[in-house]
2 protein chains.
Amino acid sequence: MRSTAPRISVLERMRRASAPLSHAEITEELVPLGFDRATIYRNLVDLAEAGLVSRVELGDHVWRYEVRGTESREREHPHFVCNDCGTVACLPAVSVDIRPAPGSRHSVVAEVSDVVLKGLCESC
Amino acid sequence: MRSTAPRISVLERMRRASAPLSHAEITEELVPLGFDRATIYRNLVDLAEAGLVSRVELGDHVWRYEVRGTESREREHPHFVCNDCGTVACLPAVSVDIRPAPGSRHSVVAEVSDVVLKGLCESC
DNA sequence: GACTAAACGCAACTAGATTGCAAACACGAT
DNA sequence: ATCGTGTTTGCAATCTAGTTGCGTTTAGTC
Ligand SMILES: [Mn+2]
Ligand SMILES: [Mn+2]
Ligand SMILES: [Zn+2]
Ligand SMILES: [Zn+2]
């Protein structure tokens with residue numbers, strides 16, 4: 001994983017984010033600075049494959065990316081999307097308890113790694 | 001909402017499903033019978049808007065639809081997608097308990113209407 | 001400083017979703 | 001039973017976000 005200008009810019013932009021960013025959102029800022037959308041795209045994918053960022057789909061047909069880390073907000077956490085305004089939020093402090101059915105012996109689910117909640121946000 | 005041949009076929013097909021179906025999956029079966037994909041698409045969207053079916057995005061960039069109802073499996077329930085094989089499952093019996101952070105006063109989340117879990121399925 | 005795999009820039013392409021429009025149709029009213 | 005009108009259909013075109021091919025450039029190594 002080489003240290004290149006586009007890659008650094010992408011990572012830096014993502015570090016400043018408080019919610020997952022889409023390729024379009026990052027593109028919007030970095031293309032005017034002279035970077036190419038395909039390069040940005042491939043960097044996001046590569047960084048995701050390398051595990052440096054996570055790639056999530058929150059229900060609106062857009063991939064979003066966010067830096068992974070050990071810091072509070074950076075560790076794994078549930079995400080939320082407002083059905084009305086589309087607002088995306090990280091829920092680093094919310095705990096989600098998943099309980100199998102009272103009577104069911106074994107579920108299809110072996111392990112849950114990601115939780116996405118949808119509903120209405122405060123302002124909607 | 002008029003009762004038309006394509007609309008009835010779409011609804012009937014969905015009633016036989018045990019997991020949400022994509023437009024492509026429904027198309028695959030109904031186009032050979034003479035129905036048009038755009039018509040099927042619009043019916044799915046219209047039925048969703050009318051509240052007869054729900055439209056969900058489970059993380060693979062494909063809209064899926066399933067009949068809504070009052071019966072056991074038909075009421076609101078969490079969904080699961082396997083990160084590895086892509087299997088989609090309904091979890092009508094799984095209860096998900098969402099607890100806000102211990103110290104947080106108000107969250108961005110006002111109301112949760114849908115839950116999507118991602119992870120690994122039994123066979124992966 | 002030369003070498004080579006990795007990364008870039010530009011343009012083309014894909015899949016699924018979505019829409020425009022004229023023709024066909026469902027259904028309440030006559 | 002026929003009519004009139006707003007719905008719905010069928011077909012083709014368009015849109016969006018994602019994805020890929022390829023020749024050129026470059027970071028990192030020797
Ligand atoms: Mn997040
Ligand atoms: Mn379901
Ligand atoms: Zn909102
Ligand atoms: Zn699986």
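Reminder, nothing fancy here: chain letters follow the sequence lines and each chain counts from 1.
Side-chain atoms of B:Val45 and B:Arg55, non-hydrogen and from C-beta on, do get closer than 4.5 Å to each other. Side-chain contact check for B:Ser3 versus B:Ile8: some heavy-atom pair is nearer than 4.5 Å.
Phosphate contact (OP1/OP2 of C:dC25, side-chain N/O of B:Thr4, threshold under 4.0 Å): absent. The side chain of B:Ser22 places no N or O atom within less than 4.0 Å of a non-bridging phosphate oxygen (OP1 or OP2) of C:dG16. OP1 and OP2 of D:dG18 both lie 4.0 Å or more from every side-chain N or O belonging to A:Tyr41.
Nearest approach of B:Lys118 to B:Phe80, heavy atoms of both residues: C-CE1, 4.0 Å. Here the shortest heavy-atom pairing between B:Pro20 and B:His79 reads CG-NE2, 3.7 Å. B:His77 and B:Pro92 get closest at one heavy-atom pair: CB-CA, 3.6 Å.
Rounding to whole angstrom units, CD1 of residue A:Ile40 and P of C:dA7 are separated by 16 Å. Atoms CG (A:Leu33) and P (C:dC8) sit 15 Å apart, rounded to a whole Å. Between the C1' atom of D:dG18 and the CD atom of B:Glu57 lies a distance of 13 Å, rounded to the nearest Å. Put simply, CD on B:Glu25 is 17 Å from P on C:dA15, counting in whole angstrom units. Here the P atom of nucleotide C:dT14 and the CG atom of B:Asp60 are 21 Å apart, to the nearest Å. Taking atom CG of residue B:Asp36 and atom C1' of nucleotide C:dA24, one finds them 13 Å apart after rounding to whole Å. The separation between A:Asn43 atom CG and C:dA7 atom C1' is 8 Å, rounded to whole Å. Look at CG on B:Leu44: it is 11 Å from P on D:dT9, rounded to the nearest Å.
Interatomic distance, A:Leu47 CG to A:Glu66 CD, rounded to the nearest 0.5 Å: 13.5 Å.
Note on B:Val96 and B:Val116: separate hydrophobic clusters, where clusters join Ile, Leu, Val, Met, Phe, Trp and Tyr whose side-chain heavy atoms are under 4.5 Å apart, directly or indirectly. Criterion: ILVMFWY side-chain heavy atoms under 4.5 Å apart, direct or through other members. Under it, B:Val112 and A:Ile98 are part of a common hydrophobic cluster.
Residue A:Ala38 is the one, among B:Ala5 and A:Ala38, whose nearest nucleotide of DNA chain C lies closer to the 5' end (criterion: closest heavy atom). DNA chain D is contacted by both A:Met1 and B:Gly34; B:Gly34 maps to the nucleotide lying nearer its 5′ end (nearest heavy atom per residue).
B:Arg7 comes within contact range of the sugar-phosphate backbone alone, with a heavy-atom separation under 4.0 Å but no base atom that close. Heavy atoms of A:Asp46 sit nowhere under 4.0 angstrom from any nucleic acid atom. Contact annotation for A:Thr39: base contact, defined as any heavy-atom pair under 4.0 Å involving a base atom.
The aromatic rings of A:Tyr41 and A:His23 sit perpendicular, their planes meeting at an angle over 60°, well past the 30° parallel limit.
Judged by distance alone, with hydrogens and angles left aside, A:Arg42 brings a side-chain donor or acceptor within reach of the base of D:dG21, the pair sitting under 3.5 Å. Contact annotation: side chain of A:Arg55 to base of D:dG18, donor-acceptor pair absent below 3.5 Å.
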Mind running side-chain contact (heavy atoms from CB on, under 4.5 Å) on A:Leu33 and A:Ser9 for me, showing each step along the way?
CA-CA 10 Å; A:Leu33 272 62; A:Ser9 297; 5.8 Å; no
Which atom pairs link the protein and nucleotides 28-30 of chain C when you take only N or O atoms and keep those under 3.5 Å?
none

Could you go over nucleotides 13-17 of chain D and give all protein N or O partners under 3.5 Å, atom names and distances?
none

